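The structure appears below as structure tokens.
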Amino acid sequence: MSKWYEETEYSGSNVVYSRIRLSRNWDEHPFPSRMSREERQKAVEVLAEGLRDYAGQDQKGWTYRNFGQMSDLERQSLKERRILNGTAASQKEPGGLLLTENESRSMILCGDDHMRLQLLGKGLKLDELWRQADQIDDWINERFPYAFDDKYGYLTAFPTNVGTGLRACAVLHLPALSRVKKFQSVVADMSRFGTAIRGICGEEGDNYGGFYEISNQRTLGLSEREIVELVTKAALQLNSQENRVRKASLNTQRKDKEDEAYKSYGVLKYARKITEKDARIFLSILMEAEAGGLIHFKRPVSFYHLIWSSKPANLRIGADRPLDQEELDEARAVLIREGLPEISA
């Protein structure tokens with residue numbers, strides 16, 4: 001089964017993917033950070049066994065892995081694909097991961113919280129993902145009652161997640177908007193509306209490629225429906241602003257943008273070594289150019305798949321052997337050359 005991020009259907013939107021994440025805790029135990037190693041191990045075993053029942057009904061090909069059975073490299077590759085967070089990727093205490101075959105659904109057991117459910121989907125699908133997550137959440141709560149307070153809502157390890165425990169997120173490709181001087185004022189405006197924007201590939205100066213994540217700032221005082229609607233509205237606004245800037249740029253610099261796209265294609269298609277930074281920049285340029293009709297390919301391509309697959313840990317997993325930096329750059333160039341289609345006439 002192909003992964004969700006390998007899908008190539010173009011939606012006409014600059015929203016690359018959506019994510020719904022729920023943080024939940026089992027009311028029979030203290031938060032994982034307050035549990036002994038033995039208590040965590042027992043809780044993980046019971047949760048994994050109980051949740052396998054749901055996995056069997058869901059028909060999504062769920063598998064379970066204990067953290068102790070994962071290598072550091074495997075954990076890092078899962079972090080690069082945004083399945084594990086930083087805590088789980090480096091965790092030495094007992095924990096586990098339930099993951100579907102296409103990686104669109106996952107659940108971390110005894111990471112920061114007892115359970116962290118995550119659903120991913122290409123494009124702007126927050127409403128659809130929330131409906132699916134809500135059904136899974138109800139099923140789990142019937143079997144593992146949640147830590148819940150009538151005043152504060154769901155209790156979580158981090159105060160910022162208390163309330164609904166919901167993080168709704170949309171990742172957008174904003175190369176044009178992020179280049180204009182007013183971008184910081186756009187970020188500030190989103191903050192005033194209760195959402196936060198951050199680059200997903202590093203801090204502002206290192207976020208090559210222009211990929212940004214917008215998510216809700218608050219989990220307390222809003223319903224789940226209100227959070228989903230808030231983030232959806234913000235994502236649509238950013239998408240609209242990005243399109244306006246791109247249109248203006250094409251009106252005045254079309255030939256320059258077209259030249260930039262074909263040069264980027266030439267580098268990616270024929271380079272024998274390429275750094276992660278350069279790969280991200282040139283793939284972003286092609287992604288923008290294809291959306292603007294400046295370049296056409298003989299078959300559909302998922303640029304985001306190429307970006308994720310060409311990250312260091314995933315390249316090392318694919319090579320099944322240690323790779324030094326130069327070998328990584330060579331392997332990245334091979335992966336992109338093979339994955340990039342020919343240009344249509």
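These numbers were taken from a predicted model, which means no experiment stands behind them.
The pair Arg116-Asp112 fails the salt-bridge criterion, with no side-chain N (NZ, NE, NH1 or NH2) lying under 4.0 Å from an Asp/Glu carboxylate O. With respect to Asp259 and Lys263, a salt bridge is recorded, a charged nitrogen being found less than 4.0 Å from a carboxylate O. Between Arg34 and Glu39, no side-chain nitrogen of the basic residue sits less than 4.0 Å from a carboxylate oxygen of the acidic one, so the salt-bridge criterion is not met. Using a cut-off of 4.0 Å between Lys/Arg side-chain N and Asp/Glu carboxylate O, Glu6 and Lys3 are scored as not salt-bridged. A salt bridge is defined here as a Lys NZ or Arg NE, NH1 or NH2 lying under 4.0 Å from an Asp or Glu carboxylate O, and Arg131 with Glu224 fails to meet this definition.
Using modelled atom types, no side-chain atom of Arg246 and backbone atom of Gly292 make a donor-acceptor pair closer than 3.5 Å. Here the side chain of Asn14 pairs no donor or acceptor atom with the backbone of Leu172 at under 3.5 angstrom. Of the possible donor and acceptor atoms, one in the side chain of Thr100 sits under 3.5 Å from a partner among the backbone N and O of Arg105. Looking at Gln118, its side chain does come within 3.5 Å of a backbone N or O of Arg82 through a donor-acceptor pair. Side-chain atoms of Ser77 never come within 3.5 Å of backbone atoms of Asn314 as a donor-acceptor pair (strictly under, hydrogens ignored). Without hydrogens or angle criteria, Arg40 side chain to Cys110 main chain gives a donor-acceptor distance under 3.5 Å. Not a single donor-acceptor pair under 3.5 Å links the side chain of Thr195 to the backbone N or O of Asn216. Side-chain atoms of Arg179 come within 3.5 Å of backbone N or O of Pro175 as a donor-acceptor pair. Asn85 contributes a side-chain N or O that, together with a main-chain N or O of Ala88, makes up a donor-acceptor pair within less than 3.5 Å. Listed for the Ser344 side chain is a donor-acceptor partner under 3.5 Å among the backbone atoms of Phe297.
Taking the six-membered ring where the residue is Trp, Tyr17 and Tyr304 present tilted rings, their angle falling between 30° and 60°. Using bins of under 30°, 30° to 60° and over 60° for the plane-to-plane angle, the ring pair Tyr5/His305 lands in the tilted bin.
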Walk me through it: do Phe211 and Ile307 pass the test side chain to side chain contact (heavy atoms under 4.5 Å, CB included)?
CA-CA 11 Å; Phe211 293 95; Ile307 290 172; 3.5 Å; yes
Check the pair Thr164 / Leu222 against side chain to side chain contact (heavy atoms under 4.5 Å, CB included), numbers first and verdict last.
CA-CA 8 Å; Thr164 60; Leu222 294 173; 5.8 Å; no
For Met107 and Leu97: C-alpha separation, side-chain torsions, deciding distance, then whether side chain to side chain contact (heavy atoms under 4.5 Å, CB included) applies.
CA-CA 6 Å; Met107 194 181 307; Leu97 173 70; over 6 Å; no
Audit row: Tyr265, Tyr270, ring-ring contact (aromatic ring centres under 6.0 Å, His included) steps and yes/no:
CA-CA 8 Å; Tyr265 178 83; Tyr270 300 105; 7.1 Å; no
For a side chain to side chain contact (heavy atoms under 4.5 Å, CB included) check, start with the C-alpha distance between Arg218 and Leu230, then their side-chain angles and the critical distance, and finish with the verdict.
CA-CA 11 Å; Arg218 296 166 52 200; Leu230 174 70; over 6 Å; no
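No continuous path of hydrophobic side-chain contacts links Phe193 to Leu236 [ILVMFWY only; heavy atoms under 4.5 Å]. In this structure, Trp4 is not a member of the same hydrophobic cluster as Leu99, with clusters built from ILVMFWY side-chain heavy atoms closer than 4.5 Å. Residues Leu220 and Val228 do not share a hydrophobic cluster, defined by chaining ILVMFWY side chains whose heavy atoms lie under 4.5 Å apart. In this structure, Phe303 is a member of the same hydrophobic cluster as Ile274, with clusters built from ILVMFWY side-chain heavy atoms closer than 4.5 Å. Linking Ile, Leu, Val, Met, Phe, Trp and Tyr residues whenever their side-chain heavy atoms come within less than 4.5 Å places Leu174 and Val231 in a single cluster.
At a threshold of 4.5 Å between non-hydrogen side-chain atoms, the residues Leu323 and Arg321 count as touching. Under the 4.5 Å side-chain criterion, counting only non-hydrogen atoms from C-beta, Arg316 is in contact with Leu328. Side-chain contact between Met35 and Glu93 is absent, with no heavy-atom pair separated by less than 4.5 Å. You'll find the side chain of Met287 reaches within 4.5 Å of the side chain of Val16, heavy atoms only. The shortest side-chain heavy-atom distance between Lys42 and Pro94 does not fall under the 4.5 Å cut-off. Residues Met70 and Leu78 form a side-chain contact, since some pair of their non-hydrogen atoms from C-beta on lies under 4.5 Å apart. Annotation: side chain of Leu109 is not in contact with side chain of Phe67 (no heavy-atom distance under 4.5 Å). Within the 4.5 Å cutoff, the side chain of Lys247 has no heavy atoms near those of the Asn243 side chain.
Counting all heavy atoms, side chain and backbone alike, Ala261 lies closest to Ile285 at CA-CG2, 3.9 Å. Between Glu338 and Arg299, the shortest heavy-atom contact is O-NH2, 3.8 Å. Contact record, Arg19 with Leu126: O-CD2, 3.6 Å, taken as the closest heavy-atom pair. Between Pro32 and Asn25, the shortest heavy-atom contact is CD-OD1, 3.8 Å. The two atoms that bring Arg254 and Leu250 nearest to each other are CB-O, 3.1 Å, heavy atoms only. The shortest non-hydrogen separation linking Ala89 to Leu84 is CA-CD1, 4.2 Å.
Between the OG atom of Ser309 and the CG atom of Leu315 there is a distance of 8.0 Å, given to the nearest 0.5 Å. Between the CD1 atom of Ile214 and the CD1 atom of Ile200 there is a distance of 13.5 Å, given to the nearest 0.5 Å. Note that CZ of Arg244 and OG of Ser249 are 15.0 Å apart. Values are rounded to the nearest 0.5 Å. To the nearest 0.5 Å, atoms CD (Gln217) and CE (Met190) are separated by 11.5 Å. Distance NZ/Lys269 to CG/Leu286: 11.0 Å, rounded to 0.5 Å. Here the CD1 atom belonging to Ile20 is positioned 11.0 Å from the CD atom belonging to Glu128, to the nearest 0.5 angstrom.
Under 3.5 Å, the side chains of Gln76 and Asp72 contain no donor-acceptor pair of N or O atoms. No side-chain donor from either of Asn161 and Thr219 sits under 3.5 Å from a side-chain acceptor of the other. Looking at Gln41 and Glu45, their side chains do bring a donor and an acceptor atom within 3.5 Å of each other. The closest side-chain donor-acceptor pair between Ser284 and Arg280, if any, does not fall under 3.5 angstrom.
Considering Arg272, Lys273, Arg332 as possible partners of Glu326, the one that fulfils the salt bridge (Lys or Arg N to Asp or Glu O under 4.0 Å) test is Lys273.
Judged by the 6.0 Å distance and 45° axis criteria, Arg24 is positioned over the aromatic ring of Tyr154.
Taking a 6.0 Å sphere around OH of Tyr152, one finds it holds 12 or fewer heavy atoms contributed by other residues, nucleotides or ligands.
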